[in-house]
Amino acid sequence: MDIRLVAEGPWRFRIERTGAMRVPGVVLAPRELLPDEPGDEALAQVAHVATLPGIVRASYAMPDIHWGYGFPIGGVAATDVGRGGVVSPGGVGFDISCGVRLLTAHVDRAALLRKLPVLMDRLDGLIPRGLGRGGLWHLAGRAQLHEILRGGARYAVEQGHGVPRDLDRCEDGGAVGDADTTWIGERALERGAGQVGSLGSANHFLEVQAVDAVYDEACARAFGLRPGLVCVMIHCGSRGLGHQICADHVRAMDSVMRRYGIDVPDPQLACAPVDSPEGRAYLGAMAAAANFARANRQLLADAARGVFRETTGTGLDLLYDVSHNLAKLERHADDGAARPLLCVHRKGATRALPPGHPGLPDGLRPFGQPVFVPGTMGTASYVMTGTIGNRAFDSCCHGAGRVWSRHRAHREMPAHRLRQELAGTGVAVRPVSWRSVTEEAPEAYKDVDAVVRASEHNDLGRLVARLVPLGVLKG
DNA sequence: ATGTAC
């Protein structure tokens, strides 16, 4: 598909509506953040998404956009459920409800520094990570897995893995309501059963960080952040379970799309009307995988809490837990007076509720929803907050965004050089293997500072604080 | 992202 990219000022581009596109593309990034590898298809993917039945307003790309399966990563698309709008598993991604949670410690960087090596050693020995491997929670049986799929972090807390206050600080109170395990295959259940409480690999991590800068003091105070404070950031998702569910439902939709008269420019955009048996089946299974991911992050946070208590005698408070790979049924104002029900796909895009939104807990509502933007290994991460002017269906960026393919990263970054470079930063990196993390080298990613700046210029979110890593656990 | 693939 030919693309006509038009600059709309220094911070954004429009992809003109042509051919089968139903709406334009809107790329919320300055030129230096646009994909520029020869043959990169990320912008074509923005245009492909614009052809989906029922799509409204525009096919959006966040500043961290890069190539993905069907949809770009950093893509946002909303379809009108009442007008034949579709749901597409490729618009959520393989790692269903992958997301980030941030916990604030009761200790400052200076006070922790002496104990950091032993803290990292304990976490290193405790947290399961890497491909395959086990999970922290040894389930009593298949019935308990179903409880997790229905109850998410809420069930984990009920079982003693956390405190009730945690749930107040989770998106959806820790559990999505409409999970339906009927539409999860045996293989997906099998893969998930041993992985509750595990990080996984690639860009997933658990980091001990410190607040390095505060940009909005009132908001930071409400979030419990101040300069020098230690935090724990956890980035992971639904592991093999979500992956298998995505694969299964892509296949199912691929075989029925024609029956619904749907034609897409890329088979990876397999989809079905939200209001169809296949659409409902995917959304039910997706919600169950989302609950799995929230329980997963809850278990990891609770384990980190135990390690902090043992080594420092201090606690960890959950600031917030939010997904950046999910489709949700939401009402948004259209250009008239109506608020139609939309299926909002966010793939590598963080939901970012504005100040005053009823979906926020009392303590956060005046300030907006915390948005977490993890950088790459050894670099800064950011905390942002939702804004009222967000036109991308209350969505923001989700990270630095890849610029090198995983293959190219392996080619250009030998393990020994990465190890040497990170040693120079003073960050205690504990990977399962150095070879496995070469594709996560900082050079393989965009500049996260530029990504958050572009997000702010495009009214996707506002900067609240900058966090720097002290210790990193990787897959 | 993922027991990198039926």
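Numbered from 1 within each chain, the chains take letters A, B, ... in sequence-line order. Heavy-atom basis, side chains included; hydrogens, waters and symmetry copies ignored.
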note: Glu440(A), atom CD; dT2(B), atom C1'; distance rounded to Å ~ 13 Å

Measure the distance from CD on Gln244(A) to P on dA5(B) and round it to the nearest whole Å.
10 Å

Below the 4.0 Å mark, does dT2(B) have OP1 or OP2 next to a side-chain nitrogen or oxygen of Arg239(A)?
yes

Ile73(A) CD1 to dT2(B) P, in whole Å, measures 12 Å

Rounding to a whole Å, what distance do you find between Glu439(A):CD and dT4(B):P?
12 Å

With no hydrogens and no angle check, is any side-chain donor or acceptor of Asp64(A) less than 3.5 Å from a backbone partner on Gly399(A)?
yes

His235(A) (side chain) donor-acceptor with Phe205(A) (main chain) under 3.5 angstrom
no

In whole angstroms, how far is the P atom of dT2(B) from the CD atom of Gln268(A)?
18 Å

In whole Å, I'd like the distance from the CZ atom of Phe94(A) to the P atom of dA5(B).
9 Å

Using a 4.0 Å heavy-atom cut-off, does Gly93(A) contact any base of the nucleic acid, only the sugar-phosphate backbone, or nothing at all?
nothing

Checking His416(A) now: which residues fulfil ring pair (Phe, Tyr, Trp, His ring centres under 6.0 Å) with it, not counting sequence neighbours?
none

Arg187(A) CZ to dC6(B) P, in whole Å, measures 6 Å

Suppose we screen for ring pair (Phe, Tyr, Trp, His ring centres under 6.0 Å). Which residues come up paired with Trp11(A), at least two apart in sequence or across chains?
His457(A)

To the nearest Å, give me how far apart OH (Tyr69(A)) and P (dA5(B)) are.
12 Å

